[in-house]
Student: 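First the structure, which I've put down as structure tokens, then a few questions once you've had a look.
Counting starts at 1 for both ligands and their atoms, following the listed order.
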Amino acid sequence: MSQRLCGICGRAIKATSRLVFIGGPNATFYIEPPVHPRCAAYALMVCPTLAAAEDVELTIARTYSLRERRMTGVSAEYTLIYDLFPYGDPAARRRGPLDFYLAFPENADRIAAKEWLAGHAPTL
Ligand SMILES: [Zn+2]
């Protein structure tokens, strides 16, 4: 995600190109990297889990910001406590182990995956 590489084909997504995050409805961040629109169309057609799901939503953007989710403690009830930090913040390493990089799409459009695949996806 830090190098803007597609999560499916592994090639770079141009800075001027749209990118697609695949996820559940109303997701505000993603733990999986963005993909090229053509790679998203391919995944939606060949992945049995994505093809069977009715609530897959796509977030389409050109940019995103990264943050680090780190485990920073344990509550009195023994549940893990997480905090978000800016990506690459050197002070964050001292606060706790890295859990995930989170991608937050910027100025994004959302569309149901089935609607996008039926009328907006690039042809393969
Ligand atoms: Zn790709």
Student: By the ring-ring contact (aromatic ring centres under 6.0 Å, His included) test, which pairs, at least two apart or in different chains, include something from residues 64-96?
Tutor: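 Of all non-adjacent pairs touching residues 64-96, those that pass ring-ring contact (aromatic ring centres under 6.0 Å, His included) are F21-Y64, Y87-Y101.
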
Student: What protein N/O/S atoms sit under 2.8 Å from the Zn ion (ligand 1), by chain and number?
Tutor: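 Near the Zn ion (ligand 1), below 2.8 Å, one finds C6 SG, C9 SG, H36 ND1, C39 SG.
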
Student: Measuring from T63:OG1 to R4:CZ, what's the distance to the nearest 0.5 Å?
Tutor: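 So the OG1 of T63 and the CZ of R4 are separated by 7.5 Å.
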
Student: Does anything in residues 103-124 form a ring-ring contact (aromatic ring centres under 6.0 Å, His included)? List the pairs, not counting sequence neighbours.
Tutor: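 The answer is F29-F104.
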
Student: Looking at residues at least two apart in the chain, or sitting in another chain, which of them share a salt bridge (charged side-chain N to carboxylate O under 4.0 Å, His left out) with R18?
Tutor: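 None.
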
Student: Is there a donor-acceptor pair under 3.5 Å between the side chain of R70 and the backbone N or O of G96?
Tutor: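 Yes: the side chain of R70 pairs with the backbone of G96.
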
Student: Same hydrophobic cluster for L50 and Y42, using side-chain heavy-atom links shorter than 4.5 Å among ILVMFWY?
Tutor: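 They do share one cluster, since a chain of ILVMFWY contacts under 4.5 Å joins L50 to Y42.
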
